[in-house]
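Remember, it's 1-based here, ligands and their atoms both numbered in the order they're listed. Quick note: numbers below take in every heavy atom, side chains included, and nothing from hydrogens, waters or symmetry partners.
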Amino acid sequence: MIRGQERVTNVKSKQIQLDQIKADILSQNICQELAKQATQLVFGDGSPNADIVFIGEAPGKNEDIQGIPFVGAAGKFLNEMLEMIGMNRDDIYITNIVKYRPPNNRDPLPEEKQAFLPFLEAQLQVIQPKLVITLGRHSMDSLLPGLKISQVHGQPKRYKGQVYLPLFHPAAALYNGGMRQTLIDDFISIPAILKKIT
Ligand code: URA
């Protein structure tokens with residue numbers, strides 16, 4: 001059991017470690033070509049002490065401007081789904097596999113995902129979430145290789161000691177009625193999945 005003051009110190013030290021990872025991305029000039037075309041690095045948002053970490057693909061236009069992941073239309077839909085399960089953005093941590101906006105919102109390249117992977121792994125190492133939720137196939141492929149999202153969405157997977165839940169990307173589901181309902185149904189199962197993780 002973590003007592004009050006201990007918990008505050010723990011959150012603080014996690015934030016300091018996350019700030020260091022962000023500084024490392026900048027000082028090591030990761031994906032310099034992407035960085036040059038982007039407004040800023042979009043590192044992550046939410047609670048460093050969260051039980052759930054959501055991982056998207058890459059920042060879009062709004063995220064690039066604000067420096068915060070999932071603040072556009074997909075983010076609004078995500079916030080609505082969080083509300084459905086009695087959570088909000090302060091209860092979770094959210095980031096992307098690629099942390100600069102790809103030009104014209106193109107798909108991230110394999111080498112870009114590869115370059116950012118050690119930093120994503122470091123973020124997870126600091127936060128130590130119970131559940132990692134991948135949004136869309138890009139983040140799923142980076143962390144849970146060899147799976148087909150159409151076959152495994154909504155099914156928790158344990159891999160190298162971490163529990164993952166692959167979900168469809170909210171941007172893909174936003175305007176596709178069937179996929180939208182599937183994503184909502186999968187999302188609603190999150191509290192029960194979390195409860196089962198020891
Ligand atoms: N889509 C993503 O994958 N990430 C964001 O931050 C916003 C939209």
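Atoms of ligand 1 lying under 4.0 Å from any heavy atom of Pro69, numbered from 1 in the order shown and given with element: 6 (O). Interface of His169 with ligand 1, defined as ligand atoms under 4.0 Å from a residue heavy atom, comprises 1 (N), 2 (C), 3 (O).
One finds no salt bridge joining Lys160 and Glu121 here, because no Lys/Arg side-chain nitrogen approaches an Asp/Glu carboxylate oxygen to under 4.0 Å.
The nearest protein atom to atom 4 (N) of ligand 1, hydrogens excluded, is given as Asn96 OD1, 2.7 Å; this is a heavy-atom distance.
Around atom NZ of Lys22, no more than 12 heavy atoms belonging to other residues, nucleotides or ligands sit under 6.0 Å away. Within 6.0 Å of the CD atom in Gln114, the count of heavy atoms belonging to other residues, nucleotides or ligands does not exceed 12. No more than 12 heavy atoms of other residues, nucleotides or ligands lie within 6.0 Å of CD in Glu83, so this atom counts as exposed by the packing criterion.
Aromatic ring centres of Phe187 and Phe54: separated by under 6.0 Å.
The shell of residues lying under 4.0 angstrom from ligand 1, judged by heavy atoms, excludes His138. At least one heavy atom of Ala58 sits less than 4.0 Å from an atom of ligand 1.
Between the side chains of Asp19 and Gln15, at least one donor-acceptor pair of N or O atoms lies under 3.5 Å.
Under 4.0 Å from ligand 1, the heavy atoms of Glu63 that appear belong solely to its side chain.
Considering both main-chain and side-chain atoms, Gly56 never comes within under 3.5 Å of ligand 1 through any nitrogen or oxygen pair.
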